[in-house]
Amino acid sequence: MSTLQFLMDGFGVAFQWQNILFAFVGVLIGTAVGVLPGIGPMSGVALLIPVTATLTAGLPPEAAAASSIILLAGVYYGAMYGGSTTSILLNTPGESSSVVTTLDGYQMARQGRAGAALSIAAIGSFAAGIISLIGLVLLAKPLSNIALEFGPAEYFSLMLLGLAAVSGLAGKSMTKALMMTVFGLMLGTIGIDAVSGIARFTYDLPILYSGLEFLTIAVGLFALGEVFKTVLERDQEEGAIAKIGRILPTKQDLKDSTVPILRGSFLGFFIGVLPGAGATLASFFSYITEKKFSKTPEKFGTGAIAGVAGPESANNAASGGALIPLLTLGIPGSGTTAILMGALIMYNIQPGPLLFDDHPEVAWGLIASMFVGNLMLLVLNMPLVKVFAKIIQTPKKYLLPIIIAISFFGVYAVQYTTFDLYLLLACGVLGYLLVRNDFPVAPLVLALVLGPMIENNMRRALTISNGDFSIFATKPISLVLLIVAAAWLLVPLLLKFKGRAIIVNEED
């Protein structure tokens, strides 16, 4: 079957009435998540995993997985759209990848051009979404065919690269990021060892034999952690919201934005494909590029529309690009894609090269639904700009109890144990303490997802080589991946020693 035929089958899945509804709900919630400062796509996706599990309970396993991942991916790229709203109207980024948008977006809003800035952000996001999806369609099958040549040694090195990439670029301190990675790997070892059948770190508690549930930890660290942060730090600073006049951009605005949108889309897509780089890095690079190519660089920072169009396109294209390593190689490129990967594994669907052969309904259904979702986002965002501006004003006293209720009901609906509720609370407190002390949480979640897979592939490779560790260096692909992983960790360190400032990825 050709790629086009697979894509048509994917549209058959995406156009099922329940999946159209799931895509719509996903992008709507995602936009709201992006608009509300502080929640971000990671917390939003983690929060909704148990909800989707409940909603799809009556469907066959394959259909349930497809519907759930369509909704969760909708939240992911919807949040990328929504993040620009607060950046432009309040000078407060909805998530870290929208930080760059505040530089010119808020200045435009102060000049009475908030509507133009928001609509260009929406148009740029739509164009970027479509470009990154075309890239995803073209690269997905060839990449998964290459990955089929991978054995256990290559997979071990590839997953190590995924860990190194996120650890090397997450947060302000690389040491703290590596500490969180090791902590996540340690949590991943709790439970019955799949090879020897020996209980590890269970302390004779039967509840720990199956290990710690990824969902509970993700919801606790992100969603509840954010709640504790807001409550304990009295996070009440409210900025003045800029007034929205004319919504549609002028012809000159469109002319000034076309090239930055295209440039940002391609740049963002290729940066998104790199594990660990993410949307934040893409938006930074796009802004720097636009300033360099501009005939009037002095206008940047004073309300240049290219300073909104480029970065907004880049961060949306990066979210599409980040799905390529997740779907084809089973390597999540960011914290959010790690949570999406955890959701797929919950449905017994292993992302990676066999995904397109074993579960085409899920893989192609997701890709097709993203075309539909991007169109929905454009239709939603243009007329509803003023409505989403109102969401920003939702008082914390109403918002926080809703997040707490969804967290507890959601986790209990999936796990049915009070132990997981206590673990959820503990992870919430831990999440708050980690964020407060500048410890990035994304590497921990990524290590928790990848840890058991790294261990299994390492042991399989050592079984093949009779315990000889040189198998990882004698296989050419494995060796290359290990060298790249080492470089990913060492290059930022060397630059730091030389006194260079490094742009870091706080997590998209």
Check the pair Val445, Phe222 against side chain to side chain contact (heavy atoms under 4.5 Å, CB included), reporting the backbone distance first and the verdict last.
CA-CA 10 Å; Val445 173; Phe222 295 114; 3.4 Å; yes
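- Proximity of a side-chain donor or acceptor of Asn374 to a complementary backbone N or O of Met370 within less than 3.5 Å is detected.
- Summarising the local packing, CE of Met346 is surrounded by more than 12 heavy atoms from other residues, nucleotides or ligands at distances under 6.0 Å.
- No more than 12 heavy atoms of other residues, nucleotides or ligands sit less than 6.0 Å from atom CZ of Phe293.
- Shortest non-hydrogen contact noted between Ile261 and Ala127 is CG2-CB, 3.7 Å.
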Anything under 3.5 Å between a donor and an acceptor, one on a side chain of residues 184-201, the other on a protein residue two or more places apart or in another chain? List them.
unit_1 : atom_1 : unit_2 : atom_2 : d
Thr189 : OG1    : Met186 : O      : 2.6
Asp193 : OD1    : Val195 : N      : 3.4
Asp193 : OD1    : Arg459 : NH1    : 2.9
Asp193 : OD2    : Ser196 : N      : 3.3
Asp193 : OD2    : Ser196 : OG     : 2.6
Asp193 : OD2    : Arg459 : NH1    : 3.4
Asp193 : OD2    : Arg459 : NH2    : 2.9
Ser196 : OG     : Ile198 : N      : 3.4
Arg200 : NE     : Thr189 : O      : 3.4
Arg200 : NH1    : Glu455 : OE2    : 2.7
Arg200 : NH2    : Glu455 : OE1    : 3.1
Arg200 : NH2    : Glu455 : OE2    : 3.3

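- For the atom pair OG (Ser67) and CD (Gln16), the distance works out to 7.0 Å, reported to the nearest 0.5 Å.
- At distances below 3.5 Å, at least one donor-acceptor pair connects side-chain atoms of Thr54 with backbone N or O atoms of Pro50.
- For the atom pair CG (Leu329) and CD1 (Ile324), the distance works out to 9.5 Å, reported to the nearest 0.5 Å.
- Between the side chains of Thr101 and Glu312, at least one donor N or O lies within less than 3.5 Å of an accepting N or O.
- When every heavy atom of Ala368 is checked against every heavy atom of Leu7, the shortest pair comes out as CB-O, 4.4 Å.
- Under the 3.5 Å distance criterion, the side-chain polar atoms of Thr202 are left unmatched by any main-chain donor or acceptor of Leu208.
- When every heavy atom of Ile69 is checked against every heavy atom of Ala343, the shortest pair comes out as CD1-CB, 4.5 Å.
- A donor-acceptor pair is defined here as one N or O able to donate and one able to accept, closer than 3.5 Å; such a pair exists between the side chain of Thr289 and the backbone of Phe285.
- Across every non-hydrogen atom of Ala63 and Glu361, the tightest pair is CA-OE2, 3.6 Å.
- Nearest heavy-atom pair across Tyr76 and Pro41 is CD1-CB, 4.1 Å.
- The CD1 atom of Ile331 lies 8.5 Å from the OH atom of Tyr155; values are rounded to the nearest 0.5 Å.
- The aromatic ring centroids of Phe11 and Trp364 lie 6.0 Å or more from each other.
- Summarising the geometry, atom OG1 belonging to Thr474 is positioned 7.0 Å from atom CG belonging to Asp468; distances are rounded to the nearest 0.5 Å.
- Formation of a donor-acceptor pair under 3.5 Å by the Asn315 side chain with backbone atoms of Ser283 is not found in this model.
- Taking the centre and axis of the six-membered ring of Tyr432, the NZ or CZ atom of Lys229 falls outside the cone set by 45° and 6.0 Å.
- The backbone N or O of Phe472 lies less than 3.5 Å from a partner atom in the side chain of Ser478, making a donor-acceptor pair.
- Rounded to the nearest 0.5 Å, atoms CE (Met180) and CG (Leu434) are 4.0 Å apart.
- Closest approach of Ser265 and Ile131 over heavy atoms only: CB-CD1, 3.6 Å.
- A donor-acceptor pair under 3.5 Å is absent between the side-chain atoms of Asn437 and the main chain of Phe439, judged by distance alone.
- Panel note: side chain Thr52, backbone Ile49; a donor-acceptor pair is recorded below 3.5 Å.
- The closest side-chain donor-acceptor pair between Ser319 and Asn316, if any, does not fall under 3.5 angstrom.
- Leu221 pairs with exactly one of Leu444, Leu448, Val429 by the side chain to side chain contact (heavy atoms under 4.5 Å, CB included) rule, that one being Leu444.
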Using the side chain to side chain contact (heavy atoms under 4.5 Å, CB included) rule, take Phe269 and Ile134 through it: C-alpha gap first, then chi angles, then the decisive distance, then the call.
CA-CA 10 Å; Phe269 174 72; Ile134 292 167; over 6 Å; no
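- Within a 6.0 Å radius of OH in Tyr422, other residues, nucleotides and ligands contribute 12 heavy atoms or fewer.
- Put simply, the side chain of Ser369 gets close to the backbone of Leu366: a donor and an acceptor are under 3.5 Å apart.
- Between the CD atom in Gln18 and the CG atom in Leu59 there is a gap of 6.0 Å [rounded to 0.5 Å].
- When side chains are defined from C-beta on, Ser286 does not count as touching Arg263, because their heavy atoms never get closer than 4.5 Å.
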